[in-house]
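As structure tokens, the structure follows; a few thoughts come after it.
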Amino acid sequence: QVQLVESGGGLVQAGGSLRLSCAASKGTFSTYTMGWFRQAPGKEREFVAAIRWSDGSTYYADSVKGRFTISRDNAKNTVFLQMNDLKPEDTAVYYCAAGRMIVVVTTTRSYDYWGQGTQVTVSS
């Protein structure tokens with residue numbers, strides 16, 4: 001059973017930065033894709049970014065492209081989401097997810113494992 005633990009959320013002013021971490025345990029991640037999703041109150045969970053463990057290919061939602069960067073530390077089985085120039089509309093609970101042999105990285109149903117989420121609040 002894969003376990004994912006997110007950290008790094010918090011309260012930040014607009015224009016600020018945060019770095020989220022997702023530590024994965026109990027699994028071999030050479031074939032996994034890791035993703036970040038977010039869910040704001042009253043809205044559906046939406047794709048933010050993903051990275052393929054096999055070749056490091058990265059994917060981003062248009063709304064965060066140029067501001068967010070997903071990266072990984074293979075040795076620590078950890079994936080990061082660096083978030084810069086944060087906006088109030090980025091406020092949400094951010095979830096880390098993992099899945100194997102994913103073709104479509106942007107859909108929640110592609111992922112098998114989810115973390116508990118970490119709150120990000122951006123004040124204006």
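One-based numbering along the sequence shown.
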Inset, instruction - Sort and list the pairs that fulfil salt bridge (charged side-chain N to carboxylate O under 4.0 Å, His left out) and have at least one residue in residues 71-82, not counting sequence neighbours. - result: none
Inset, instruction - Take E6 and W36 through the side chain to side chain contact (heavy atoms under 4.5 Å, CB included) test and state the conclusion after the steps. - result: CA-CA 10 Å; E6 301 104 331; W36 286 98; 3.9 Å; yes
Report the residues that fulfil side-chain hydrogen bond (donor to acceptor under 3.5 Å, both in side chains) with [X], sequence neighbours left out, ordered by chain and then residue number.
X	result
S17	N84
T106	none
Y59	R52

Legend entry - Check against side-chain hydrogen bond (donor to acceptor under 3.5 Å, both in side chains), R100 and Y32: CA-CA 4 Å; R100 298 187 65 183; Y32 276 76; 4.5 Å; no
Legend entry - Ring-face cation contact, Y95 with R45, 6.0 Å cut, 45° max: yes
Rounded to the nearest 0.5 Å, how far apart are [atom1] of [X] and [atom2] of [Y]?
X	Y	atom1	atom2	value
R19	T69	CZ	OG1	11.5 Å
R109	I102	CZ	CD1	12.0 Å
I51	S71	CD1	OG	6.5 Å
T118	L81	OG1	CG	11.0 Å

Counterpart residues, side-chain contact (heavy atoms from CB on, under 4.5 Å), relative to [X] (two or more places apart):
X	value
K43	A40
S7	S21
D85	R67, K87
V122	V12, A14, L86, P88, D90, T91, V120

Is [Y] close to [X] at the side-chain level, that is, under 4.5 Å between some pair of heavy atoms?
X	Y	value
M34	C22	yes
V64	R38	yes
V79	C96	yes

Legend entry - Test side chain to side chain contact (heavy atoms under 4.5 Å, CB included) applied to D112 and V2, step by step: CA-CA 9 Å; D112 302 308; V2 173; over 6 Å; no
Inset, instruction - Quick one: list whatever passes ring-ring contact (aromatic ring centres under 6.0 Å, His included) with F47, sequence neighbours left out. - result: F37
Inset, instruction - Evaluate the criterion side chain to side chain contact (heavy atoms under 4.5 Å, CB included) for residue pair V105 and Y111; output intermediate values, then yes/no. - result: CA-CA 8 Å; V105 302; Y111 296 82; 3.6 Å; yes
Inset, instruction - Applying salt bridge (Lys or Arg N to Asp or Glu O under 4.0 Å), name anything that partners D55, two or more places apart in sequence or on another chain. - result: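 Scan of D55 (salt bridge (Lys or Arg N to Asp or Glu O under 4.0 Å), adjacent residues dropped) gives none.
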Legend entry - Those residues that, when tested against E89, pass salt bridge (Lys or Arg N to Asp or Glu O under 4.0 Å) (two or more places apart): none
Inset, instruction - Say whether L18 and F80 are linked into one hydrophobic cluster, either directly or through other cluster members, by side-chain heavy-atom distances under 4.5 angstrom. - result: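 Shared cluster, no.
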Legend entry - Shared-cluster residues of V104, by chain and number - hydrophobic side chains joined below 4.5 Å: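 Members other than V104 - counting any ILVMFWY side chain reachable under 4.5 Å - are V103.
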Inset, instruction - Assess whether side chain to side chain contact (heavy atoms under 4.5 Å, CB included) is satisfied between Y60 and T58, documenting all intermediate values. - result: CA-CA 7 Å; Y60 296 95; T58 57; 3.8 Å; yes
Legend entry - Atom of A24, atom of L4 and distance for their closest heavy-atom approach: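 Looking at all heavy atoms of both residues, the shortest contact is CB-CD2, 3.5 Å.
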